[in-house]
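Here is the structure we will look at, set down as structure tokens.
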Amino acid sequence: MTIRTGRYTVFILLLGALISTLALGPGGYWGGIVLTILVALCSLGVWDLLQTRHAILRNYPVIGHVRWLVEMIRPEIRQYLLESDTEATPFSRAQRSLVYRRAKKEPADHPFGTLIDVYGKDYEFIQQSLAPIVTPDPASFRIVIGNDQCAQPYSASILNISAMSFGALSANAIRALNKGAAMGGFYHDTGEGSISAYHLEAGGDIVWQIASGYFGCRDEDGRFNPVRFAKQAILPQVKMIELKLSQGAKPGHGGVLPGRKVTAEIARTRNVPIGVDCISPARHSAFETPLEMLAFLDQLRALSGGKPVGFKLCVGLPWEFMAIVKAMIETGIVPDFIVVDGAEGGTGAAPAEFSDHVGVPMREGLLFIHNTLVGAGLRHRVRLGAAGKLISAFDIAAVLAMGADWVNSARGFMFALGCIQSMSCHTNRCPTGIATQDTGRSRALVVPDKAERVRRFHDRTVAALAEMLGAAGLSHPDDLHPRHLVHRIDSAEIRQFDRMHYFATPNDLVENRAESSFYQSNWNLAQTGSFAPVSQDHATGQLKREAP
């Protein structure tokens, strides 16, 4: 057998250097340092040859470790040296820089022209007016959420902090977000981790999210506890109740917070045992059907004293949402709002397949929900929020034109806190102290400074939206329509949004006259007594009900 020594060259050279150093006799301080390094490297090489786990190290002792070192710093090398300004992975340098500048109150003006290829496919823009108006007052960009069944309507900002839980984020990050919300007059969604003491310190408006684990309002068996819910829901700081059905990053997937991360604080906040795995089931136990879900929402509204209630979801099977809408018509129970999350949403950790290939993207989901509510004659009673990679004023304008009433941003506000997109949210080693429970790391996040940045990002982004609207001759976000936005189909064709997408007409679904066969056929599949569809028996041509 021929032994090729090329792959052992570095190890052999190190052995030779060690032997030579010992033969010559190292002298002095530096000689001892050199000898120590050589002994350590040669010992590493011997270990590499003897270990059985990594073939690369057995074939390339010592030098093989360079592969792991390079992989370790690859994201940083790519982000700071190789990545283009417009390459969104998942957020581009240009997007991050925009947030940083606004949060730090630095000039956000753009020199020398756009970096975007305006003739490239999918380029979008808003059409300005030849009769622009004076820039409207951004403070007027508020949306009243609460229909005729709501006793305590809430006036929300057009831009708010999307759901991020204490547990996923550090205590100081929660403090800074809520303090910024209090200073800027916008709301802070708790995420499914419930209301912590850190959400309450600064007095910022809170939207309490209730998910399948019923954290903060659960009994010992993990089921919904109305007494515990009512105790917190009536707090003046809690402005709305949001039932989470699914989230964009991992729709249809539950979650586990490992027991080692369930500290005393988190256990107290979530009403779970210390040190025990904290389970978020994939589905709710409080209801099984669309009718039961609406009854549950009605219960939440009553227990909270008539505050706005709604739900958040990433759209999946179309007939399931349509079944909820049919149940609204049948029961007369109409939620005050719906938040549409998109498959492009983020989380601390999600299975790769779920992040990449499960769930409807936000814009398509938003348009579907908007059209369904219009076709059912309910759109005027339900406000729509949207969440999913919304950073700039144009991002906001685009989704408002497609049917949203307001937007939420999670990662945008994380950038405002100082997030550098290190992609280490799931490791508990966040370098900026945001997505970690390591108190040593989170201590570096200075709450007063970061809260001010959160407020500035919100205020300056809404102000930028006001300038865009003024240029288009519009005085309020409610005035934005699909005809104001344009999408490039290819290098030779552009279309206004209203010419590119289908938009329903009032009551066309309930009157069985929708022009879109997709909408009408899925509407006909929906049933209020089950999330399963009604299917057609091709042999008889009759409709039959599928079992759940």
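Put simply, the side chain of L367 reaches to within 4.5 Å of the side chain of F503, judged on heavy atoms. You'll find the side chain of M402 stays beyond 4.5 Å of the side chain of H370, heavy atoms only. Using a 4.5 Å heavy-atom threshold, the side chains of C217 and Q232 count as separate. Taking 4.5 Å as the limit, some side-chain heavy atom of I241 sits within range of a side-chain heavy atom of I210. Using a 4.5 Å heavy-atom threshold, the side chains of L169 and T436 count as separate. Within the 4.5 Å cutoff, no side-chain heavy atoms of F457 are placed close to those of F415. Contact annotation: the side chain of I274 never approaches that of T263 to less than 4.5 Å [non-hydrogen atoms, C-beta and beyond]. The side-chain heavy atoms of F215 and N271, taken from C-beta on, include no pair separated by under 4.5 Å.
At a cut-off of 3.5 Å, with distance as the only test, a side-chain donor of S157 or H458 sits close to an acceptor on the other residue. A side-chain donor from one of E124 and H487 sits under 3.5 Å from a side-chain acceptor of the other. Side-chain polar atoms of S442 and D438 form no donor-acceptor pair below 3.5 angstrom. Side-chain N/O atoms of S155 and R142 include a donor and acceptor closer than 3.5 Å. Between the side chains of N408 and Y187, at least one donor N or O lies within less than 3.5 Å of an accepting N or O. Counting only N and O atoms by type, the side chains of N178 and H199 include no donor and acceptor under 3.5 Å apart. Side-chain atoms of Q209 and E242 form a donor-acceptor pair, as typed in the model, at a separation below 3.5 Å. Looking only at atom types and distance, the side chain of D205 has a donor-acceptor partner in the side chain of Y154 under 3.5 Å away.
Of all non-hydrogen atoms in F311 and P335, the two that sit nearest each other are CE2-CG, 3.9 Å. In plain terms, the two heavy atoms of P226 and L303 that are nearest each other are CB-CD1, 3.7 Å. Of all heavy-atom pairs between K307 and K239, the closest is CB-O, 3.9 Å. In plain terms, the two heavy atoms of S475 and F141 that are nearest each other are O-CE1, 3.8 Å. Of all the heavy atoms in V309 and F337, the pair that sits closest is C-CE2, 3.4 Å. Contact detail for I126 and A472: the closest heavy-atom pair is CD1-CB, 4.3 Å.
For D298 (side chain) and A295 (main-chain N/O), no donor-acceptor pair under 3.5 Å exists by modelled atom type. Between the side chain of R488 and the backbone N or O of V118 there is at least one donor-acceptor pair closer than 3.5 Å. Put simply, the side chain of Q247 never gets that close to the backbone of C314: no donor and acceptor are under 3.5 Å apart. For H284 (side chain) and K244 (main-chain N/O), a donor-acceptor pair under 3.5 Å exists by modelled atom type. Side chain of H476 to backbone of D478: a donor-acceptor contact under 3.5 angstrom is found. Looking only at distances, no side-chain donor or acceptor of S165 sits under 3.5 Å from a matching main-chain atom of G167. With hydrogens and angles ignored, the 3.5 Å screen pairs a side-chain donor or acceptor of R218 with a backbone N or O of G213. Counting only distance, with no hydrogens or angles, the side chain of S409 and the backbone of L390 share a donor-acceptor pair below 3.5 Å. A donor-acceptor pair is defined here as one N or O able to donate and one able to accept, closer than 3.5 Å; such a pair exists between the side chain of S212 and the backbone of P281. Looking at E106, its side chain never comes within 3.5 Å of a backbone N or O of R101 through a donor-acceptor pair.
Partners of R175 under the side-chain hydrogen bond (donor to acceptor under 3.5 Å, both in side chains) rule, at least two apart in sequence or in another chain, are N172, E201. Partners of E452 under the side-chain hydrogen bond (donor to acceptor under 3.5 Å, both in side chains) rule, at least two apart in sequence or in another chain, are R455. Applying the ring pair (Phe, Tyr, Trp, His ring centres under 6.0 Å) test to Y502 and every residue at least two apart in sequence or in another chain returns Y519.
A salt bridge links R379 with D405: the closest approach of a Lys/Arg side-chain nitrogen to an acidic carboxylate oxygen falls below 4.0 angstrom. In summary, R301 and D336 engage in a salt bridge, as defined by a charged side-chain N under 4.0 Å from a carboxylate O.
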Inset, instruction - Starting from the C-alpha separation in whole Å, work towards a yes-or-no answer on side-chain contact (heavy atoms from CB on, under 4.5 Å) for E192 and S280. - result: CA-CA 9 Å; E192 69 176 280; S280 295; 2.8 Å; yes
- Message: Let's go through W406 and R383 carefully: what are the C-alpha distance in whole Å and the side-chain angles of both, what is the deciding distance for side-chain contact (heavy atoms from CB on, under 4.5 Å) to 0.1 Å, and is it a yes or a no?
- Response: CA-CA 8 Å; W406 86 91; R383 290 290 197 176; 3.7 Å; yes
Report task. Apply side-chain contact (heavy atoms from CB on, under 4.5 Å) to the pair F224 and L300, showing each step before the final yes or no. Result -> CA-CA 11 Å; F224 178 71; L300 298 182; 3.6 Å; yes
Review point. Taking it one step at a time, do F368 and V360 satisfy side-chain contact (heavy atoms from CB on, under 4.5 Å)?
Key: CA-CA 10 Å; F368 168 73; V360 174; over 6 Å; no
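Rounding to the nearest 0.5 angstrom, the gap separating the CD1 atom in I396 from the CG atom in L480 is 11.0 Å. Taken to the nearest 0.5 Å, the CZ atom of F321 stands 4.0 Å off from the CD1 atom of I338. Atoms CG and CG, on L366 and N371 in that order, are 9.0 Å from each other to the nearest 0.5 Å. Annotation: the span from K104 atom NZ to D449 atom CG amounts to 9.5 Å, rounded to 0.5 Å. Remark: Q299 CD to I333 CD1 distance equals 11.0 Å, nearest 0.5 Å. Here CZ of R93 is found 12.0 Å from CG of L115. Values are rounded to the nearest 0.5 Å.
Just one of K312, M293, R283, E320 meets the side-chain contact (heavy atoms from CB on, under 4.5 Å) condition when paired with L245; it is M293.
No more than 12 heavy-atom neighbours from other residues, nucleotides or ligands sit within 6.0 angstrom of NZ on K179. More than 12 heavy atoms of other residues, nucleotides or ligands lie within 6.0 Å of CZ in R381, so this atom counts as buried by the packing criterion.
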